[in-house]
Peer 1: 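Have a look at the structure that comes next, please.
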Amino acid sequence: MNKRQYVDFHILQTVPPANLNRDDQGNPKEAYFGGKRRSRVSSQAWKRATRMTFAEHLPPAQHATRTKRIAGQLAKRIEDRTELDAEQAARIAGAVLEPLGIKAGKKAGDTAYLLFFGYQQLDDITGLITGRAEELSTLDDDALKKAAQDLAVKEKLQSGHPMEVALFGRMVADIPSLNVDAAVQVAHALSTHEVVLESDYYTAVDDESQKVDETGAGMIGYVGYNSATLYRYATVSLHQLAENLGGTDAALEATSRFAEAFARSMPTGHINAFAHRTLPSLVAVVVRDDQPVNLVSAFERPVPDTHGIAATSAVRLASEFTVSCRQWGSSPVHTAVCHMLTAENGDIAQLAEAFGANQTFPELLTGLQDVLVRTWKQA
């Protein structure tokens, strides 16, 4: 299929005092945008949060992991499924992975970089070995390396990708054949308004000190925080996702699962201290045949607190989308919106004009799936 289609997700989410994603000083990450300081959450932080939420609703066999310990993972599987001991299993695992050209790390058994792969892929590699485990364990090092080259290990890592790898991709700089082009792009989340970094001076009381008439804190510390209404954006390339997964049905399922995981996910930095988990005020979905479009330019001029920052941000987003479509001659295939704003928050009529009538989130997901089946799968 040569058809190209993208699903854009636009989210507005208000977060109370929090430190979702720290910089090297321990403060919330920030960025200058429109000449003003904004709160920022890196794309890496929100992608990981999305992956964790995504995996919660998948059976264990479909999970993926990103780790330097692929050799140890493989050795443990060989040991569990054969009568070989840990040393023999580790020797075979190392020999099997060596032909891939994966560089060894500083720590024994580790690779030099993180590898992103599915547990099922690792199980498939183990299946290549278990039937010959006893034979392989008797070979000397040279013979074992030669035998390992005949196993289709690389092919197992090049196919049968789990949804997580297909969505977020994999890069192995020195082994391009193992690369998987990501079907998802995630932007850094930015506050729609200017922010000021604040600092919380806190103390912890030593419960036992009061029993011996000691005063003062058991410890003191500082933690930086801010609060913000964030604009979050991600896009899914359906054609790339179908290529990575080897089929349209799997691509549609992965897109729907991603939509829910991205909307519901939240980075957990300092979450015990701030309990900052919230739900989005707005989720808008746009299906396009031309190109992905990030609407962050709606907030180049910081949003003022007039009718509430979230509501004003929503109106700005709708206006930017409408003007962008008109000026560039864009005709999205489908738009939908789910929001928790009311007329009391200001003039939100533009939301319906831009994205359609307000829907519940389950309705939005169902409608998206129906549209993709009709406009893409059957194309």
Side-chain angles (χ1 to χ4, degrees), residues 1-9 43-44 46-67 70 73 100-102 113-125 127 152-187 233-263 265 285-292 333 365 368-369 371-373 375-379:
M1 173 186 283
N2 295 320
K3 182 178 176 63
R4 303 171 71 84
Q5 196 162 80
Y6 307 90
V7 184
D8 289 352
F9 298 94
S43 59
Q44 296 91 334
W46 224 301
K47 277 192 285 190
R48 175 167 174 76
T50 301
R51 281 205 302 114
M52 298 299 101
T53 303
F54 189 97
E56 288 176 2
H57 304 286
L58 288 174
Q62 296 182 30
H63 285 185
T65 186
R66 187 173 61 179
T67 181
I70 184 173
Q73 293 269 336
L100 297 179
I102 300 173
Y113 36 70
L114 295 167
L115 286 174
F116 193 23
F117 55 89
Y119 288 129
Q120 185 59 55
Q121 291 176 305
L122 209 57
D123 288 339
D124 291 342
I125 294 173
V153 174
K154 181 178 289 189
E155 287 77 0
K156 295 298 183 183
L157 287 177
Q158 290 174 323
S159 62
H161 303 302
M163 289 182 183
E164 292 173 66
V165 174
L167 283 163
F168 298 102
R170 175 175 66 212
M171 180 179 178
V172 186
D174 51 346
I175 316 175
S177 61
L178 292 183
N179 290 347
V180 179
D181 290 336
V184 167
Q185 295 175 356
V186 178
Y233 169 77
T235 185
V236 176
S237 169
L238 278 168
H239 47 281
Q240 184 64 58
L241 186 54
E243 180 180 332
N244 291 350
L245 289 172
T248 58
D249 289 338
L252 295 183
E253 180 186 351
T255 301
S256 182
R257 288 182 179 275
F258 173 81
E260 180 152 18
F262 184 59
S265 61
V285 175
V286 181
V287 180
R288 317 179 65 108
D289 285 342
D290 49 2
Q291 66 178 60
V333 174
L365 293 179
L368 174 61
Q369 190 76 357
V371 166
L372 295 182
V373 169
T375 66
W376 188 71
K377 181 181 175 183
Q378 297 177 354

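Just so it is clear, the model here is predicted, and its values are computed rather than measured.
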Peer 1: Is there a donor-acceptor pair under 3.5 Å between the side chain of R288 and the backbone N or O of D8?
Peer 2: no
Peer 1: Taking all heavy atoms of D290 and all of Y6, pick out the closest pair and write down the distance.
Peer 2: O-CE1, 3.8 Å
Peer 1: Assess the residue pair Q73 and Y119 against the criterion (side-chain contact (heavy atoms from CB on, under 4.5 Å)); give the C-alpha distance rounded to whole Å, side-chain angles, the decisive distance to 0.1 Å, and a yes or no.
Peer 2: CA-CA 9 Å; Q73 293 269 336; Y119 288 129; 3.7 Å; yes
Peer 1: Measure the CE-CD distance between M52 and E56 for me, rounded to the nearest 0.5 Å.
Peer 2: 9.0 Å
Peer 1: Which value, rounded to the nearest 0.5 Å, describes the distance between L252 atom CG and L368 atom CG?
Peer 2: 9.0 Å
Peer 1: Mind listing the closest non-hydrogen atom pair of R170 and L178 along with its distance?
Peer 2: NE-O, 2.9 Å
Peer 1: Within the side chain of S265, is there an N or O that forms a donor-acceptor pair under 3.5 Å with the backbone of F262?
Peer 2: yes
Peer 1: When you measure from the side chain of N244 to the backbone N and O of A182, does any donor-acceptor pair fall under 3.5 Å?
Peer 2: no
Peer 1: Closer than 3.5 angstrom, by distance alone: can the side chain of Q5 be matched with the main-chain N or O of H239 as a donor-acceptor pair?
Peer 2: no
Peer 1: OG1/T235 to CD/Q291 distance, rounded to the nearest 0.5 angstrom?
Peer 2: 10.0 Å
Peer 1: D123: what forms a salt bridge (Lys or Arg N to Asp or Glu O under 4.0 Å) with it, not counting sequence neighbours?
Peer 2: R77, R81
Peer 1: Let's go through L58 and E164 carefully: what are the C-alpha distance in whole Å and the side-chain angles of both, what is the deciding distance for side-chain contact (heavy atoms from CB on, under 4.5 Å) to 0.1 Å, and is it a yes or a no?
Peer 2: CA-CA 10 Å; L58 288 174; E164 292 173 66; 4.2 Å; yes
Peer 1: Measuring from atom CE of M171 to atom CG of D181, what distance do you get when rounded to the nearest 0.5 angstrom?
Peer 2: 10.5 Å
Peer 1: Measuring from R257:CZ to H57:NE2, what's the distance to the nearest 0.5 Å?
Peer 2: 8.5 Å
Peer 1: What's the shortest heavy-atom distance between T255 and V236, and which atoms?
Peer 2: OG1-CG1, 3.9 Å
Peer 1: Above 12 or not: heavy atoms from other molecules or residues under 6.0 Å from CD of Q120?
Peer 2: yes
Peer 1: Please report the interatomic distance CG(L115) to OG1(T67), rounded to the nearest 0.5 Å.
Peer 2: 8.5 Å
Peer 1: Distance under 6.0 Å and angle within 45° of the ring axis: does R51 meet both against F116?
Peer 2: yes
Peer 1: Would you say I125 and L157 make side-chain contact, with heavy atoms under 4.5 Å?
Peer 2: yes
Peer 1: Test your reading of the model: is there a side-chain donor-acceptor pair from Q62 to the backbone of P59, 3.5 Å cut-off?
Peer 2: no
